[in-house]
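Single-structure report; data block below.
Atom set for the values below is all heavy atoms of this structure, side chains included, hydrogens, waters and symmetry mates excluded. Below, chains carry the letters A, B, ... as their sequence lines are ordered, and counting in each starts from 1. All values derive from a computational prediction rather than experimental measurement.
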Amino acid sequence: GNSVTQMEGPVTLSEEAFLTINCTYTATGYPSLFWYVQYPGEGLQLLLKATKADDKGSNKGFEATYRKETTSFHLEKGSVQVSDSAVYFCALRAKAAGNKLTFGGGTRVLVKP
Amino acid sequence: KAGVTQTPRYLIKTRGQQVTLSCSPISGHRSVSWYQQTPGQGLQFLFEYFSETQRNKGNFPGRFSGRQFSNSRSEMNVSTLELGDSALYLCASSPLRDLETDTQYFGPGTRLTVL
């Protein structure tokens, strides 16, 4: 079946540090890939997405590239801020599964001033 | 454009009771999906509705059910509540015009606590 694996947290960083969160997936065909972010007490917000191989999604300084050869979609940000403290979820949508999203376990990120 | 709204935001019930949660999608969105979020199991897909029809269903017992109305608003119902049903229930809507590029937008969730 389809699955998403992402690095366990928490990840603790200092402000202005470089952030990487690893995400790998297993799916039939060519899924669409997403990163969502969840702030405390809130729902999920779409951060970025990529729908085909070699696509790069980007938003608010975050980037992720759809790598078919390594079945990965790692999230990166060059200089984090305290406001980036949140839980980040990698997700995929496989065409055969319709509109259903399959999520990774989430990675908590804590940025200290 | 208003986002996805969910009511109520918080709910406390006791074992054996039933509960109904409501979701209003973004205007123009016809697909509504429901997810359960727990610390142990993470985010799990419950079901998806489109044009008042259930299109997809996750691996949950029959106690979990839902429906969608002609205005795309959706409700989910959990009967005979168990302690393990305590979770954040998230609703997501999407226009579903193109499955390849479609995006789901999430509401703030309903926090259900079963005592």
So, the part of B/Tyr35 with a heavy atom under 4.5 Å from chain A: the answer is side chain

- Above 12 or not: heavy atoms from other molecules or residues under 6.0 Å from CZ of B/Arg63? yes

inquiry  = Counting only heavy atoms not in B/Lys57 (residues, nucleotides, ligands), do more than 12 fall under 6.0 Å from its NZ?
reply    = yes

| field | Residues B/Phe45, A/Phe103; criterion ring pair (Phe, Tyr, Trp, His ring centres under 6.0 Å); working and verdict | value | CA-CA 9 Å; B/Phe45 172 77; A/Phe103 287 91; 10.0 Å; no

Between B/Thr103 and A/Arg93 the two heavy atoms that sit nearest each other are N-NH1, 4.4 Å

Taken to the nearest 0.5 Å, the spacing of A/Phe89 CZ from B/Phe106 CZ works out to 10.0 Å

I'd like to know if A/Leu13 and A/Tyr39 are part of one continuous hydrophobic network [Ile/Leu/Val/Met/Phe/Trp/Tyr, side-chain heavy atoms within less than 4.5 Å]. yes

Honestly, the part of B/Arg9 sitting under 4.5 Å from a heavy atom of chain A is side chain

Applying a strict 4.5 Å limit to non-hydrogen atoms, the region of B/Gln104 in contact with chain A is both

A/Glu8, CD atom: more than 12 neighbouring heavy atoms under 6.0 Å: no

Separation between CG (B/Leu43) and CG (A/Leu44), nearest 0.5 Å, reads 5.5 Å

The reported gap from CG in A/Leu101 to CD in B/Gln44 (rounded to nearest 0.5 angstrom) is 13.5 Å

Side-chain heavy-atom pair B/Asp102, A/Lys49 within 4.5 angstrom cut-off: no

- Query: According to a 4.5 Å side-chain heavy-atom criterion applied to Ile, Leu, Val, Met, Phe, Trp and Tyr, with indirect links allowed, do A/Phe73 and A/Tyr88 form part of one hydrophobic cluster?
  - Reply: yes

> Linking I/L/V/M/F/W/Y whenever any side-chain heavy atoms sit under 4.5 Å apart, do B/Leu88 and B/Val32 land together?
Replying inline: no

message: With a 4.5 Å cut-off on side-chain heavy-atom distances among I, L, V, M, F, W and Y, is there a chain of contacts connecting A/Val87 to A/Leu33?
response: no

Value for CG (B/Leu90) from CD (A/Gln38), rounded to nearest 0.5 Å, stands at 6.5 Å

* Asked: When hydrophobic residues are tied together by side-chain contacts of less than 4.5 Å, even through go-betweens, does A/Ile21 share a cluster with A/Tyr25?
  -> yes

If one checks every heavy atom of B/Gln37 against chain A at 4.5 Å, the contacting part turns out to be side chain

